[in-house]
Chemist: 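Handing you a structure now.
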Number of protein chains: 2
Amino acid sequence: MPARGRRTTRPSGDERQSAILSTTEHILAEGSFDDISIEDIAAGAGISRPTFYFYFASKDEVLLALLDRVITEVEHRVQSLSRDFEADPAGSWQRSIGAFVEVFSEHRAVAAATTTARLRNAEVQTLWSRSLQSWADYSTDVITQELARGAAIPGPSASDLSIALNLMNERVLSATFGGDTPSITEADAVSTLSTIWIRSIYGSDLPLH
Amino acid sequence: MPARGRRTTRPSGDERQSAILSTTEHILAEGSFDDISIEDIAAGAGISRPTFYFYFASKDEVLLALLDRVITEVEHRVQSLSRDFEADPAGSWQRSIGAFVEVFSEHRAVAAATTTARLRNAEVQTLWSRSLQSWADYSTDVITQELARGAAIPGPSASDLSIALNLMNERVLSATFGGDTPSITEADAVSTLSTIWIRSIYGSDLPLH
DNA sequence: TGACGGTATCAACACCGTGTCGACTTAATC
DNA sequence: GATTAAGTCGACACGGTGTTGATACCGTCA
């Protein structure tokens with residue numbers, strides 16, 4: 001059992017593991033994921049490159065762990081939101097979108113890295129797809145309910161609509177946080193996205209409530 | 001001057017250059033841009049790797065040339081479209097979006113490669129940004145006119161709205177052509193996107209005309 | 001016709017990042 | 001103090017990139 005309150009001669013495995021994670025998120029804040037080498041991460045965590053491989057199989061595995069934490073955080077944040085689409089549809093959508101924006105704003109480095117890694121790594125792709133799909137499923141359910149009570153207007157299938165809107169959010173936020181051209185400012189992002197969601201779902205700015 | 005109608009002992013420089021371009025687009029159709037090496041391209045074009053560097057400074061330069069051709073094609077296609085937003089706003093938007101979908105559908109390999117290369121290569125980023133910006137500028141102008149004649153409804157700035165919608169198209173089409181999960185089918189893409197554009201701009205499915 | 005010069009070609013090399021192997025050290029356990 | 005599991009890293013092999021320098025081809029002009 002490792003000594004408690006007294007420094008052991010070597011940091012424990014868990015300390016090393018989390019040093020790698022936090023160093024990576026830290027380095028990620030200033031450089032792109034593709035530009036940082038495992039050497040950089042290892043150096044930042046105070047270990048040699050081969051030792052890095054004792055903890056993670058690759059750079060992508062580290063990102064996977066970071067991404068997992070972010071996704072879990074989004075889930076919690078969105079779940080703990082007070083929403084009542086019947087009473088206040090516009091506000092409910094806006095608060096949900098706002099929650100996403102907040103979390104991705106806080107972890108923009110991880111989000112940006114995911115965007116690049118997803119394109120070449122199947123596991124990252126899968127993890128991200130699963131989340132996107134679950135958000136799309138949730139939106140689809142709400143839209144279907146809104147259609148049933150006559151608030152939303154018919155048109156494209158609820159699922160196509162919700163997929164397109166979720167993908168829009170992903171791309172717009174990635175542009176905003178990445179400072180791309182063209183992009184919309186962080187201040188305008190939530191209201192612009194919410195307006196598009198609401199008009200697309202209800203065909204109006206003032207849905208029935 | 002090179003012989004005409006008679007084969008010279010070596011293919012000319014121009015032939016090599018275009019062999020590199022077409023080979024690259026061809027190889028790109030089955031593998032991702034990141035996975036193909038300069039060796040692959042050179043072999044496909046019947047030259048050695050160093051000789052490749054005589055024609056292009058890097059793999060990315062090849063993509064840049066391919067992308068340039070695709071962007072030019074989109075421009076031509078969209079310009080030659082008959083549009084009259086006052087007479088038929090919904091149809092005009094739908095035809096414009098349809099033109100994009102067609103071109104990117106034909107050159108999906110180049111579009112996919114651009115998506116990945118943009119993230120690490122500044123020149124690709126710039127070229128793509130410029131096009132995106134010019135399409136967004138065009139949409140902004142039309143939305144502004146539609147607002148002036150009282151057909152579009154006020155809300156987010158015309159430019160924020162148009163940037164968000166253009167980015168949505170980019171992401172949704174990339175998912176569709178890449179067969180991502182979640183994504184919408186190629187058959188449903190144009191109608192879903194058009195509906196979102198029209199409802200977001202006019203606040204209704206049947207804009208004034 | 002022959003030598004000049006731009007165009008084109010490629011073998012060989014230097015470099016960098018990844019991932020692996022095997023030998024070594026450290027610390028808990030019996 | 002012997003054994004075992006966990007942890008560490010020097011040294012290597014590999015694969016892809018980009019460069020260099022020597023050489024071949026070919027149109028042209030004296």
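When reading the values below, keep in mind they use all heavy atoms of this one structure, side chains included, and skip hydrogens, waters and symmetry mates. Lettering of chains follows the sequences in order, A, B, ..., and the numbering in each one begins at 1.
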Chemist: Are B/D180 and B/R171 close enough for a salt bridge, meaning some N to O gap below 4.0 Å?
Modeler: yes

Chemist: Indicate yes or no: does B/D34 engage B/R120 in a salt bridge with an N to O separation below 4.0 Å.
Modeler: yes

Chemist: Rounded to whole angstroms, how far apart are CG on A/N121 and C1' on C/dT18?
Modeler: 15 Å

Chemist: What pairs with B/D141 under side-chain hydrogen bond (donor to acceptor under 3.5 Å, both in side chains), at least two apart in sequence or on another chain?
Modeler: none

Chemist: Figure out the CD1/P separation between B/I20 and C/dA8, and round it to whole Å.
Modeler: 11 Å

Chemist: For A/E123, give me all partners under salt bridge (charged side-chain N to carboxylate O under 4.0 Å, His left out), at least two apart in sequence or on another chain.
Modeler: none

Chemist: Can you check whether B/I20's main-chain N or O pairs, donor with acceptor, with B/T23's side chain at less than 3.5 Å?
Modeler: no

Chemist: Testing the 3.5 Å rule here: is there a donor-acceptor pair between the side chains of B/N166 and B/E170?
Modeler: no

Chemist: Restricting to nitrogen or oxygen on both sides, can you table the protein-nucleotides 4-6 of chain C pairs closer than 3.5 Å?
Modeler:
none

Chemist: Tell me which residues in residues 26-53 of chain B lie within less than 4.0 Å of DNA chain C, going by non-hydrogen atoms.
Modeler: B/I47, B/S48, B/P50, B/T51

Chemist: Whole Å only: how far is the CZ atom of B/F54 from the C1' atom of D/dG18?
Modeler: 16 Å

Chemist: Output the rounded distance in Å from CZ (A/F56) to P (C/dT20).
Modeler: 16 Å

Chemist: Return the set of residues passing side-chain hydrogen bond (donor to acceptor under 3.5 Å, both in side chains) with A/R77 (not counting sequence neighbours), or none when no residue passes.
Modeler: A/E73, A/E102, A/E106

Chemist: Give me each pair satisfying salt bridge (charged side-chain N to carboxylate O under 4.0 Å, His left out) with a member in residues 185-197 of chain A, each pair once, sequence neighbours excluded.
Modeler: A/R108-A/E186

Chemist: For the pair made of OH in A/Y55 and C1' in C/dG19, what is the distance, rounded to whole Å?
Modeler: 18 Å

Chemist: In whole angstrom, give the distance that lies between atom CZ of A/R120 and atom C1' of C/dT18.
Modeler: 13 Å

